[in-house]
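Shown next, in structure tokens, is the structure this report addresses.
Predicted model, so just to flag it, every value in this text is computed and none were measured.
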Amino acid sequence: MKVNLASGTLKLEQLNAIFKTIPQEFDFIDENDIVRWYSNNTNRLFARDTSKLNQPVLAVHPAHSVGRVKKVLAEMHSGERDSIQMTVPAKGKQIHIAFYALHNDSGDYIGCIEVTEDVSEFTKSSKLGNLVKLLRNK
């Protein structure tokens with residue numbers, strides 16, 4: 001099966017391999033705030049399984065974050081905000097979480113994508129330390 005995208009065509013197998021391989025985790029929440037898809041890779045910081053699909057997004061987030069998630073989604077629905085990014089300590093790591101509002105070609109809100117990744121490695125070093133790492137990896 002092939003998936004036609006705006007900038008090319010991928011086999012479904014290739015698309016699944018991309019999301020299985022990249023270290024960031026993705027969750028798609030539709031316009032009704034229902035979890036419809038998540039990337040399934042071995043690097044997930046926040047476990048998901050198929051029982052979470054078709055559930056309200058607030059039901060899959062920990063209770064302490066529900067208020068923040070609710071606020072972000074309300075701002076995206078209203079058009080007040082197109083994205084929000086934050087870095088929070090969790091599971092002994094620095095976790096970067098970003099929500100991006102998604103719109104169709106008519107500008108209608110059709111959901112959002114939540115992107116999560118461990119950025120601990122990048123937050124441990126100074127700017128000079130990161131530059132040295134970059135130069136060593138060349």
Of all the heavy-atom pairs spanning C112 and A101, show the shortest one and how long it is. CB-CA, 4.1 Å

For T21, the side chain to side chain contact (heavy atoms under 4.5 Å, CB included) test, sequence neighbours excluded, returns none

Atom pair OG/CE of S65 and M86 - distance to nearest 0.5 Å: 9.0 Å

Can you list the residues that meet the side-chain hydrogen bond (donor to acceptor under 3.5 Å, both in side chains) rule with T9, with sequence neighbours excluded? N4

Hydrophobic cluster membership, with links at side-chain heavy-atom distances under 4.5 Å among I/L/V/M/F/W/Y: are V119 and I113 in one? no

Per the salt bridge (charged side-chain N to carboxylate O under 4.0 Å, His left out) rule, what does the pair list look like for residues 3-12, sequence neighbours excluded? none

Test side chain to side chain contact (heavy atoms under 4.5 Å, CB included) applied to Q24 - qualifying residues, sequence neighbours left out: I22, F26, V115, E117

M76 to S83 - nearest heavy-atom pair and separation: CE-CA, 3.9 Å

Do you reckon F28 sits in the same ILVMFWY cluster as I84, going by side-chain contacts under 4.5 Å, direct or chained? no

Scan for salt bridge (charged side-chain N to carboxylate O under 4.0 Å, His left out) pairs involving residues 37-60, sequence neighbours excluded, and state none if there are none. E25-R44, D27-R44, D27-R48

Kindly indicate whether the side chain of I95, heavy atoms from C-beta on, has any atom under 4.5 Å from the side chain of T116. yes

For N41 and K20, work out which heavy atoms get closest and say how close. CB-O, 2.9 Å

Can V35 and N54 be said to form a side chain to side chain contact (heavy atoms under 4.5 Å, CB included), step by step? CA-CA 5 Å; V35 177; N54 304 314; over 6 Å; no

Residues two or more places apart in sequence or in another chain: which of them pass side chain to side chain contact (heavy atoms under 4.5 Å, CB included) with N32? D30, I34

Do V3 and I18 sit in the same hydrophobic cluster, where Ile, Leu, Val, Met, Phe, Trp and Tyr count as joined when their side-chain heavy atoms come under 4.5 Å apart? yes

How would you list all residue pairs meeting ring-ring contact (aromatic ring centres under 6.0 Å, His included) that involve residues 82-102, not counting sequence neighbours? none

Does I110 have any side chain to side chain contact (heavy atoms under 4.5 Å, CB included) partners at least two apart in sequence or in another chain, and if so, which? L102, N104

Heavy-atom side-chain proximity of L58 to D33 below 4.5 angstrom: no

Applying ring-ring contact (aromatic ring centres under 6.0 Å, His included), can you list everything that pairs with H77, at least two apart in sequence or on another chain? Y109

Considering only residues two or more places apart or on different chains, which pairs with a residue in residues 100-116 satisfy salt bridge (charged side-chain N to carboxylate O under 4.0 Å, His left out)? none

Sequence neighbours excluded - ring-ring contact (aromatic ring centres under 6.0 Å, His included) pairs with any residue from residues 37-76: F19-W37

Within a reach of under 6.0 Å around CD of E13, are more than 12 heavy atoms found that belong to other residues, nucleotides or ligands? no

I need the full list of salt bridge (charged side-chain N to carboxylate O under 4.0 Å, His left out) pairs touching residues 77-94, with sequence neighbours left out, sorted by first then second residue. E75-R81, K93-D118

